[in-house]
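Notes follow once the structure below has been shown.
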Protein chains: 2
Amino acid sequence: MPKTGQRRRGSYAKGVAKREEILTAALEVIAREGYRGASVKELAAAVGLSQAGLLHYFDSKEELFTEILRKRDELDLAHFGTLDATSADIDEVRAGYLHVVRHNSEVPGVVELFSRLSVEAVDPQHPAHRFFVERGATLRTIFGDVVRRSQAAGRLTGAIDADTLARIVQAVADGLQLQWMLEPDVDMAGTVDALFRALTGEPAGEGLREEEDDD
Amino acid sequence: MPKTGQRRRGSYAKGVAKREEILTAALEVIAREGYRGASVKELAAAVGLSQAGLLHYFDSKEELFTEILRKRDELDLAHFGTLDATSADIDEVRAGYLHVVRHNSEVPGVVELFSRLSVEAVDPQHPAHRFFVERGATLRTIFGDVVRRSQAAGRLTGAIDADTLARIVQAVADGLQLQWMLEPDVDMAGTVDALFRALTGEPAGEGLREEEDDD
DNA sequence: GTCTATATGTTGATAGAC
DNA sequence: GTCTATCAACATATAGAC
């Protein structure tokens with residue numbers, strides 16, 4: 001089988017490129033116009049294809065949506081992932097994470113897609129199941145590692161196990177999304193930051209300065 | 001219009017009673033057999049009615065499901081609510097909350113229904129929207145009040161605002177449900193309790209003793 | 001109050017032409 | 001690779017008989 005970057009049988013390379021292009025476009029549409037019941041047909045129209053044309057690139061609706069979220073993570077990682085997960089300190093991880101959370105506040109449709117698929121992927125047979133399991137594990141590994149290092153350095157309370165804390169941070173982020181979707185006034189980033197503040201024993205009202213967002 | 005408990009035109013009282021009976025039965029079915037795509041037709045069969053027969057008591061599927069969750073809360077409150085929210089101390093609230101979380105671990109179908117509807121109710125037009133908004137507000141009020149009292153009494157870190165902390169506790173519970181549905185090995189109660197432990201500055205490994213569950 | 005039957009609407013998926 | 005056309009599968013909601 002031809003590998004990425006290879007030229008033989010250009011149709012394959014072209015197919016992959018087009019796939020990525022579709023995913024990026026779909027993500028932009030959802031980010032800009034929200035997730036309004038997003039059927040395959042609607043998404044297809046939004047990216048300039050017919051329903052059948054779009055499904056030519058994906059086995060099913062579920063796979064399509066899963067890949068959109070994968071692409072989302074890929075793009076987010078361009079920010080969050082500029083740090084080296086094995087050596088980054090808590091402030092870097094915290095800042096990167098807050099950046100992502102703030103960005104999410106600007107793309108409700110993407111957050112809704114994520115939340116919907118999260119629940120549907122509960123079924124082990126669901127095409128997105130593995131994606132969510134692995135995504136969570138990766139996220140918690142990054143958090144867990146930095147928490148461990150911070151605890152060792154005395155910067156973070158040792159009252160709670162590192163892996164448990166990592167799990168809690170993930171839960172807070174996901175749970176806050178639900179609250180925020182229900183009531184958009186909820187300040188996701190502020191709340192997450194307050195948690196970090198409390199955990200690092202930082203004086204109240206301090207917080208991390210807001211960065212500029214970049215879309 | 002006849003009020004509850006009145007006898008004239010018994011059909012009304014009977015209708016209400018039957019409604020409650022249906023909701024209780026439906027909840028039991030979901031608790032016992034899980035939420036497997038639960039269509040109105042399936043639920044109807046499970047409670048011994050035809051689809052149309054069941055919808056005779058509810059305006060729509062969405063209303064039916066909302067009422068099932070309302071009934072769930074009503075029953076949970078029989079445990080969680082034995083305490084007086086305006087005077088209960090943190091240990092009581094903590095114990096009651098943990099009890100509910102542990103109970104949830106035994107009824108995955110109910111948790112799935114809750115999570116699904118949570119996301120769908122994001123739309124302000126959805127029949128369950130108000131339910132979830134009010135439910136969250138009530139929950140956070142209870143938590144916020146007890147946190148405030150505990151902070152005043154010096155039992156809880158003052159590093160974080162009481163209302164923010166209440167929101168975080170709610171978010172953790174909801175977020176953990178997602179993790180647990182995806183991977184049933186996740187220990188929801190243990191994780192929630194670890195959070196309480198850290199917040200109250202309790203020595204690690206302490207925790208609240210597990211109670212017997214009662215179904 | 002409950003059932004049978006059906007109207008109605010969607011959607012995802014596929015076959016086949018171009 | 002892309003479109004048109006069509007399918008099959010459901011599910012909810014409603015009408016009307018009993």
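To find a chain, count down the sequence lines: A is the first, B the second, and so on, and within it residues start at 1.
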Exercise. When the aromatic ring centroids of A:F132 and A:F114 are compared, is their separation below 6.0 Å?
Worked result: yes

For this session: Specify whether B:Y97 and B:F196 have parallel, tilted or perpendicular ring planes, treating 30° as the upper limit for parallel and 60° as the lower limit for perpendicular.
Result: perpendicular

Should the pair [X]-[Y] be classified as a salt bridge under the 4.0 Å nitrogen-to-oxygen rule?
X: A:R130; Y: A:E134; answer: yes
X: B:D163; Y: B:R148; answer: yes
X: B:D89; Y: B:R149; answer: no

Seminar exercise, completed: Closest non-hydrogen atoms of A:E120 and A:H126, given as atom of the first, atom of the second and distance, are O-CD2, 3.5 Å

For this session: Identify the two heavy atoms, one from A:V107 and one from A:A31, that lie closest to each other, and give their separation to 0.1 Å.
Result: CG1-CB, 3.4 Å

Exercise. Can you check the B:H56 NE2 to D:dC18 P distance for me, whole Å?
Worked result: 19 Å

Problem set entry | Protein proximity profile, nucleotides 3-15 of chain C - base contact B, sugar-phosphate-only contact S, no contact -, cut-off 4.0 Å on heavy atoms | BB-------BBB-

Exercise. How about A:M181 and A:S115: do any of their side-chain heavy atoms sit closer than 4.5 Å?
Worked result: yes

For this session: Specify the residues of residues 119-128 of chain A, ordered by number, for which at least one heavy atom lies under 4.0 angstrom from an atom of DNA chain D.
Result: none

